[in-house]
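Reminder, nothing fancy here: chain letters follow the sequence lines and each chain counts from 1.
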Protein chains: 2
Amino acid sequence: MDKAVSRTPRTRIQARNREAILDAALDVFSQHGFRGATLDQIAEVAGLSKPNLLYYFPSKEAIHVRLLSGLMDSWLDPLRHLGDAGEPVDEIVAYALRKLDMARTLPRESRLFANEIVQGAPRVLDMIEGPLKTLVDDKAALIGGWAQEGRIAPVDPHHLIFSIWATTQHYADFDVQVRGILTPEGDAHFAEAAGFLTTLYTNLLTIRP
Amino acid sequence: MDKAVSRTPRTRIQARNREAILDAALDVFSQHGFRGATLDQIAEVAGLSKPNLLYYFPSKEAIHVRLLSGLMDSWLDPLRHLGDAGEPVDEIVAYALRKLDMARTLPRESRLFANEIVQGAPRVLDMIEGPLKTLVDDKAALIGGWAQEGRIAPVDPHHLIFSIWATTQHYADFDVQVRGILTPEGDAHFAEAAGFLTTLYTNLLTIRP
DNA sequence: CAAGAGTTTGACCAAATGGTCAGGATCACG
DNA sequence: CGTGATCCTGACCATTTGGTCAAACTCTTG
C-alpha cells in the first residue's frame with residue numbers, strides 16, 4: 001500500500017483537492033521557481049493544511065514533476081499540428097499566433113516552464129533531449145522541405161522555431177516588463193503583438209520575385 | 001559607523017573579496033533565483049565563510065540589489081547607442097546582433113535578469129517603469145520617425161524592440177533547451193542565429209518596391 | 001446505524017537558512 | 001616593533017522548511 005493516495009482519483013473529495021493543490025502549486029512554482037516555492041505557501045493558496053497536502057502528494061518534488069510532465073504535452077500540441085493543412089507561410093504564421101494565444105491564456109504554465117529552463121531544466125532535460133528534440137527535428141525537416149521546394153524563402157528551420165518560441169512566450173514570461181513599458185492596461189497589446197508577428201513571419205517567409 | 005564595510009573599496013583585500021562575492025552571487029542567483037539561492041552556497045562558491053561574506057555585505061538582499069542595479073546600466077547600453085549613425089535598417093540589425101553577442105558572452109547576467117522578471121520583478125519594477133520605459137519610448141519614437149520618413153517599412157516600434165529582446169536573450173535564458181535540441185556542442189549555433197536574425201529583421205524592415 | 005475506508009489535523013522533528021557576536025588573526029603604517 | 005584598523009572565524013540563535021505520525025473526524029455503504 002502506498003502512503004499517498006492513488007494517482008487516479010476515486011472520490012469527489014480527492015478529485016477536488018488534487019485539482020486545488022495542482023492549481024495552487026502552479027501559482028507558486030511559476031512565481032518563485034522550485035526552490036523558491038514552499039509547501040506552506042502552496043497549502044495556504046490551496047486552502048489546505050500542509051499535512052493534508054502531503055496526504056495527496058508524497059513530496060514537493062512530486063507535485064512539481066506532476067505539473068511539468070502534465071504541461072509538456074499540451075505545451076507542444078500546437079507544434080504537432082504544424083503542417084496539417086494549408087499553405088506553408090500560413091501554417092507557420094498560424095503556429096506563431098496559436099503560441100501567442102497560449103501565452104495570453106496560460107501565462108502561469110509558460111512561466112513555470114521558463115523558470116524550469118532558466119534554472120537549468122533539472123527535471124525535464126530528458127524530455128528536451130528526447131521527445132522534444134525528436135518533434136522539433138521532425139518539423140524542422142518539414143520546413144526545410146518547403147524551402148527546398150521553393151514554397152517559402154530559405155531559412156534555418158531550427159532557429160525559426162526558436163524565434164517563434166521566444167517572441168511568443170516573451171509576452172507571458174516577461175509580462176511585467178511588457179506591461180511596465182506599454183502604459184495601457186488590459187490585454188490590448190496582445191492584438192498588436194499578433195499583428196506584428198504576422199508581419200514579421202510573413203515578410204521573412206514569403207518569396208519575393 | 002556602519003556595521004558593513006564601506007561601498008567603495010579602500011584596500012586590496014576588500015576589492016578582491018567584494019568582487020569574488022558578487023561573481024559567486026551572480027552564479028548562484030542566476031541559477032536559482034533570489035529565493036532559491038542561499039548564502040551558504042554563495043559563500044562556498046566565493047571561497048569565504050558565511051560570516052565573512054556578511055562582513056562585506058549586510059544581507060542577502062543587499063547583494064541581489066547590488067547585482068541588479070549594476071547590471072541594468074550595462075544591459076541597456078546597446079539600446080542607448082541605437083541610431084547613432086548609419087542607415088536605419090543597418091542600425092536595428094546591428095542592435096540585434098549586439099544584443100545576441102551579449103547573450104553569448106554574458107549569459108549569467110541575462111539569466112539573472114530573466115529570473116527577476118519572470119518572478120515579477122519585485123526589485124526592479126521601479127527601474128522598468130521609470131528609466132527603462134523612458135529610454136524605450138525614446139527609441140520607439142526614433143524608429144517610428146524612420147517609418148514615417150519611409151526609410152524603413154512601417155512596424156510597431158515597441159513590439160519590434162520586444163521581439164529583439166526576446167529572440168536574442170532566448171539564446172542565453174533557454175540555453176539548455178537550445179543546446180538540447182541542437183546536437184553540435186560549442187557556440188557554433190550563435191553564428192547561425194546571427195545569420196537568421198539578420199535575415200529576419202532585414203526582411204521585416206527593408207522597403208520593397 | 002455500524003464499521004471500515006477515506007480525510008484532516010495538531011504536535012512534532014531534523015535539517016537548513018539568514019543573520020549575530022565576541023574575540024582572535026592579520027595587515028598597514030608610523 | 002607596536003598599535004590601531006581591518007579582516008576572519010567558531011559558536012550560536014531564531015525562524016523556516018520539508019516531512020512524519022498517531023489520533024480524530026467524516027463520509028460512504030451494506
Residues that A:Leu97 engages under side chain to side chain contact (heavy atoms under 4.5 Å, CB included), provided they are two or more places apart
A:Val93, A:Ala194, A:Thr198

Sequence neighbours left out, what passes side chain to side chain contact (heavy atoms under 4.5 Å, CB included) with A:Arg104? Give chain and number order.
A:Asp101, A:Asp187, A:Phe190

For a quick test of reading the model: is some side-chain N or O of A:Asn17 closer than 4.0 Å to OP1 or OP2 of C:dT8?
yes

Does A:Gln14 make a side-chain N or O approach to OP1 or OP2 of C:dG6 shorter than 4.0 Å?
no

Any side-chain donor near an acceptor of the partner, B:Tyr201 and B:Thr167, under 3.5 Å:
yes

What I want to check is whether the side chains of B:Asn115 and B:His32 have a donor and an acceptor closer together than 3.5 Å.
no

Just say parallel, tilted or perpendicular for the rings of B:His170 and B:Phe174, cut-offs at 30° and 60°.
parallel

Closest of C:dT7, D:dC7, C:dT8 to the A:Thr11 side chain is C:dT7

In whole Å, what is the span from the NE2 atom of A:His64 to the P atom of D:dG18?
13 Å

In whole Å, what is the span from the CZ atom of A:Phe57 to the P atom of D:dG18?
16 Å

For nucleotides 22-30 of chain D, give me one character per nucleotide, 5' to 3': B if any protein heavy atom sits under 4.0 Å from the base, S if the only such contacts are to the sugar-phosphate, - if neither.
------S--

Mark up nucleotides 9-18 of chain C, 5' to 3', with B wherever a protein heavy atom is under 4.0 angstrom from a base atom, S wherever such an atom reaches only the sugar-phosphate, and - elsewhere.
BBB-----SB

Can a salt bridge be assigned to the pair A:Arg108 and A:Asp23 using a cut-off of 4.0 Å between side-chain N and carboxylate O?
yes

For B:Lys50, is there an ion pair with B:Glu44 - N to carboxylate O distance below 4.0 angstrom?
no

Could I get the full list of ring-ring contact (aromatic ring centres under 6.0 Å, His included) partners for B:His64, not counting sequence neighbours?
B:Phe29, B:Phe34

Side chain to side chain, B:Ile164 and B:Ile92, heavy atoms closer than 4.5 Å
yes

Taking all non-hydrogen atoms of both residues, which atom of A:Lys139 and which atom of A:Arg80 are closest, and how far apart?
NZ-O, 3.1 Å

Does anything in residues 20-32 of chain B come within less than 4.0 Å of DNA chain C? Heavy atoms only, and list the residues if so.
none

Main-chain N/O of B:Leu82 paired to B:Glu91 side chain as donor or acceptor, under 3.5 Å
no

